Engineer: 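Quick one: structure below, then a few questions.
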Amino acid sequence: MPGDASQDEFESRVKPLWLRAQAGDEAAYRESLSRIAQRLRGYLRRRLQGMPHDVEDLVQETLLALHLQRGTYDPAVPLGAWVLAIARHKLVDLWRRHGRREALHDAWDDVDESSLVELVACDETAQARRDLGKLLDELPAAQREAILLTKVEGLSVTEASQRTGVSESAIKVQVHRGLKRLATWVKQT
Amino acid sequence: MRTDAWIELLARGAGPAPSGFVARRVGAACVLGVLLSLALARALHGPLPADLFSAAAPWMKLAYTGLFALAAAWLVARTARPVSRTKAPARAIAAVVLAMAGFAAVATWLFTPSGERMRAIMGQTWMLCPWTVLALSLPTLALLIWSVRGLAPTRLRLAGFANGLLAGAIAAAAYSLACPERSAAFVAVWYTSGIVLTGGLGAALGGRALRW
């Protein structure tokens, strides 16, 4: 069945990357997020047929959620199921914000073969409507600076700490808080 | 922002995934919850006289509620993650409840004269007990809701129910240090009722309160 092959392929290709990413391999993290984004796009495109302009926004919102909740991934669980559960949670949130009542009757944690057929790789990236870059600029100064230095300019935490005079652990805390705040704002737009 | 730029931003300097992520948040809520429950129980009833601890009753209650809390904490940790695997912790909770029920049944039918059995089950405070457990559990429940909301539960009512069971078990353990009742039957019926009642409250609140 195409669904099984697709699901198995995703697990066999992306899960090893993800596990390396969990251990700290940045290149593996980047690669696995890319592949996960492709899958999310295909899945959400089908579910958001009435709202095509929201697909890329939701892809980005889900990627942020995956990042912030990396610590909840349990290697005993298939990566696809974990990603899908978070994506569905965000999807229901979006529907609720748009007034549509929760229509997903299927059990959240059933790794249903037919739904995984929808995890078809999708390379075409529609333009996101929401500009996360703009939202980043609106963060409080400490959080914005920590994120810009370490994640945009690419400084190490040590370098950023020397540049700003703030301790290394404080830099990490500010980055985390900034991303969490972004996640909250994104829910409101 | 384009998604590939967004991915670049997320990945850069990300480091390893945090370890003990769930355990730390839930654990912190539990420790604080225990302290608050103990303080509340003592405020409500005053400290238990020390000589009461030479009897079996407080130890029996602490053992039951302590084991219940451990199994419930396991369930909380599982339901705080997406794709929660709940079979094993659910079975553990059932095992604790059934073991207590079995113990109480044996104690009542074999060691309590038939005329006194009803009194053993009802005790003197059966009306108060479940509601006191519920009241004592409220601070812990609030703490657990706050901590689990920062994680990623995807079955919200089940996660809420687990939170309630844990808060209730902790509250019941604190209550057992102030409660005058002695019979295992009383504990099996009324302490369990209080814990399940709190579980129900957690479930009712969870659907809304645990959204993240």
Side-chain angles (χ1 to χ4, degrees), chain A residues 21-27 29-31 33-34 37 41 56 59-60 63-74 76-78 81-86 88-89 93 96 107-109 111 125 127-128 130-136 147 150-152 154-157 160 172 175 179-180 183, chain B residues 1-28 74-90 146-162 203 206-212:
Chain A
Q22 293 284 84
D25 183 341
E26 199 177 294
Y29 193 32
R30 197 174 296 123
E31 177 67 21
L33 285 180
S34 273
R41 209 166 279 130
E56 204 61 28
V59 168
Q60 293 181 356
L63 290 174
L64 178 58
L66 298 179
H67 175 74
L68 288 171
Q69 295 296 337
R70 283 190 296 162
T72 66
Y73 177 65
D74 176 359
V77 158
W82 181 77
V83 168
L84 197 62
I86 292 181
R88 282 161 128 176
H89 185 87
D93 233 17
R96 197 183 296 122
W108 290 95
D109 298 323
V111 183
T125 311
Q127 195 57 265
R130 180 201 305 120
D131 187 350
L132 288 172
K134 279 219 190 88
L135 279 184
L136 266 175
I147 291 178
T150 59
K151 287 184 163 291
V152 176
L155 267 61
S156 72
V157 174
K172 288 187 199 163
V175 168
L179 289 177
K180 271 173 57 175
Chain B
M1 192 186 257
R2 288 177 41 130
T3 302
D4 47 11
W6 179 237
I7 289 176
E8 183 61 46
L9 190 151
L10 288 178
R12 207 175 266 163
S19 61
F21 190 61
V22 173
R24 266 183 288 137
R25 275 187 87 97
V26 173
W74 190 13
L75 187 65
V76 168
R78 286 280 174 96
T79 53
R81 302 167 184 266
V83 197
S84 48
R85 297 174 296 143
T86 54
K87 234 193 250 174
W146 176 84
S147 85
V148 171
R149 191 166 51 203
L151 297 165
T154 52
R155 295 167 73 181
L156 299 187
R157 256 170 299 186
L158 183 62
F161 182 60
R208 277 256 155 130
L210 290 175
R211 286 184 198 163
W212 51 278

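Below, chains carry the letters A, B, ... as their sequence lines are ordered, and counting in each starts from 1. Quick caveat: nothing in here was measured; it's all calculated off a predicted structure.
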Engineer: Evaluate the side-chain proximity of B/Thr154 to A/Trp82: yes if any heavy-atom separation is below 4.5 Å, no if none is.
Structural biologist: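 Contact flag for A/Trp82/B/Thr154 side chains = no.
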Engineer: Between A/Lys172, A/Lys180, A/Glu26, A/Gln22, which shows the greatest number of heavy-atom pairs under 4.5 Å with chain B?
Structural biologist: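 So the answer, after comparing A/Lys172, A/Lys180, A/Glu26, A/Gln22, is A/Glu26.
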Engineer: Would you say A/Gln60's side chain and B/Met1's backbone share a donor-acceptor pair under 3.5 angstrom?
Structural biologist: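 At least one qualifying donor-acceptor pair exists.
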Engineer: At their closest point, which heavy atom of A/Ala85 faces which heavy atom of B/Val83, and how far apart are they?
Structural biologist: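 Residues A/Ala85 and B/Val83, closest heavy atoms: CB-CG2, 3.9 Å.
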Engineer: Side chain from CB out, backbone as N, CA, C, O: work out which of these in A/Asp93 comes under 4.5 Å of a heavy atom of chain B, or both, or neither.
Structural biologist: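 Just its side chain gets close to chain B.
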Engineer: With sequence neighbours excluded, give me every side-chain hydrogen bond (donor to acceptor under 3.5 Å, both in side chains) pair touching residues 5-14 of chain B.
Structural biologist: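 Those involving residues 5-14 of chain B are A/Arg30-B/Glu8, B/Glu8-B/Arg12.
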Engineer: Taking the side chain as C-beta and beyond, is there a heavy-atom pair between A/His89 and B/Trp212 under 4.5 Å?
Structural biologist: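 With C-beta onward as the side chain, the pair touches.
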Engineer: For B/Gly150, is there any backbone N or O sitting under 3.5 Å from a side-chain donor or acceptor partner on A/Gln69?
Structural biologist: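 The answer is yes, because a donor-acceptor pair under 3.5 Å joins these two groups.
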Engineer: Is any side-chain heavy atom of A/Leu136 closer than 4.5 Å to a side-chain heavy atom of B/Leu9?
Structural biologist: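 Answer yes - side chains close enough.
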Engineer: Which heavy atom in A/Lys151 sits nearest to a heavy atom in B/Leu10, and how many Å separate them?
Structural biologist: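 Minimum heavy-atom separation between A/Lys151 and B/Leu10: NZ-O, 2.7 Å.
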Engineer: Who passes side chain to side chain donor-acceptor pair (under 3.5 Å) against B/Thr79, sequence neighbours left out?
Structural biologist: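 Partners of B/Thr79 under the side chain to side chain donor-acceptor pair (under 3.5 Å) test: none.
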Engineer: Which heavy atom of B/Thr3 sits nearest to which heavy atom of A/Ala37, and what is that distance?
Structural biologist: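 For B/Thr3 and A/Ala37, the tightest heavy-atom pair comes out as CG2-CB, 4.5 Å.
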Engineer: Output the option from A/Ile86, A/Val83, A/Leu64 having the highest count of non-hydrogen pairs under 4.5 Å with chain B.
Structural biologist: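 Top option by heavy-atom pairs under 4.5 Å: A/Leu64.
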